[in-house]
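In what follows, a structure is listed as structure tokens, so that the remarks can point back to it.
Each ligand, and each atom within it, is numbered from 1 in the order the structure gives.
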Amino acid sequence: MRFVELPNGVPAPALGLGTWRMGERAGQRAQEVRALQHGIDLGLTLIDTAEMYGEGGAEEVVGEAIAGRRDGLFLVSKVYPHNASRKGAVSACERSLKRLGVETIDLYLLHWRGGVPLAETVEAFERLKNDGKIAAWGVSNFDAADMAELWALDSGDACATNQVLYHLGERGIEWDLVPHCRERRLPIMAYSPLGQGDVLVEPAVEDIAQKHGVAPATVALAWVLRQEGMIAIPKAANLDHVKANAAALGLALDPGDLKDLDAAFPAPSGPSPLAII
Ligand SMILES: NC(=O)c1ccc[n+]([C@@H]2O[C@H](COP(=O)([O-])OP(=O)(O)OC[C@H]3O[C@@H](n4cnc5c(N)ncnc54)[C@H](OP(=O)(O)O)[C@@H]3O)[C@@H](O)[C@H]2O)c1
């Protein structure tokens, strides 16, 4: 496994497991648990979840998958913006801990900006950290201006990551957010790194996959992971998909591949609003 160092000095695995859409259907639960366990067995030891996913259902799936094997895992969860108040964030975190069946969440994120003043959320996160309920906190769906506002707050520089939409077909953050975060040594966590499957059927990706004898998803993830300070969290409920995703850690794209991918998915040529799903 490759690691990315968080600002608190803690190493976070560069490739993890997403869980959106898990915990929504009882009939899928066993398969979802198996997929997460398969991922962990293949070294994908970071798991990304949120109280929003399946309204707690995904956290319960994660709890079942990691029961008795918490050591060595890096758990990420997120608080709803409407729960991110001084008291609300603490209660929400406690509910998440219970569903996950753990004593500490490694990284706790504000899912997106809402009506609660940012300073209040940061205060709650710092309290959770001091109480040992979380080891670090961060944000999600923050654009460059949101990050500047956050960094100007007391304890704002304790933010450990910004989780944003990033894949071959959605490169807008390369214009300003990535350089700003890199300057502050803040890792970026790329969500929907497979474009929810859309980039996998693009001919450029398929051709490079064929050339290397790997799956298109392996190429799409290797492209994200080749960048310093980048964490990717693909979601897969299918075991073959999990295996193909894990293989990204072993694939080095060559300059010709990168040139072809740039031609098919051009880098941004100017600023654009942060894309969100
Ligand atoms: N912070 C936020 O606001 C936010 C927003 C969106 C997502 N996220 C996080 O990021 C994670 C990943 O994003 P995502 O779930 O939106 O999309 P994604 O990971 O880009 O794509 C998931 C889809 O791709 C399929 N897939 C996975 N591996 C594959 C492979 N090797 N070959 C072919 N298809 C494959 C999955 O199918 P199967 O499941 O059938 O394998 C699923 O349909 C989420 O689960 C969540 O944890 C965060």
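- Protein residues having at least one heavy atom under 4.0 Å from any atom of ligand 1 are Gly18, Thr19, Trp20, Asp48, Tyr53, Lys78, His111, Ser140, Asn141, Gln163, Tyr191, Ser192, Pro193, Leu194, Gly195, Gln196, Leu200, Ala217, Ile233, Pro234, Lys235, Ala236, Ala237, Asn238, His241, Ala244, Asn245, listed by chain and number.
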task: Under the side-chain hydrogen bond (donor to acceptor under 3.5 Å, both in side chains) rule, what do Asn141 and Tyr191 come out as? Steps first, then yes or no, please.
output: CA-CA 10 Å; Asn141 296 304; Tyr191 75 65; 2.7 Å; yes
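- Crowding of Arg182 atom CZ: a count of heavy atoms from other residues, nucleotides or ligands under 6.0 Å exceeding 12.
- Legend: residues meeting salt bridge (Lys or Arg N to Asp or Glu O under 4.0 Å) with Arg185, ordered by chain and number and at least two apart, are absent.
- The existence of a salt bridge linking Glu64 and Arg29 is confirmed by a sub-4.0 Å separation between a basic side-chain nitrogen and an acidic carboxylate oxygen.
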- prompt: Are Asp257 and Lys211 close enough, and set up right, to give a salt bridge (charged side-chain N to carboxylate O under 4.0 Å, His left out), and what steps lead you there?
  reply: CA-CA 10 Å; Asp257 300 333; Lys211 181 182 123 185; 2.6 Å; yes
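- Annotation: Asn130, atom CG; neighbour count of heavy atoms from other residues, nucleotides and ligands within 6.0 Å is above 12.
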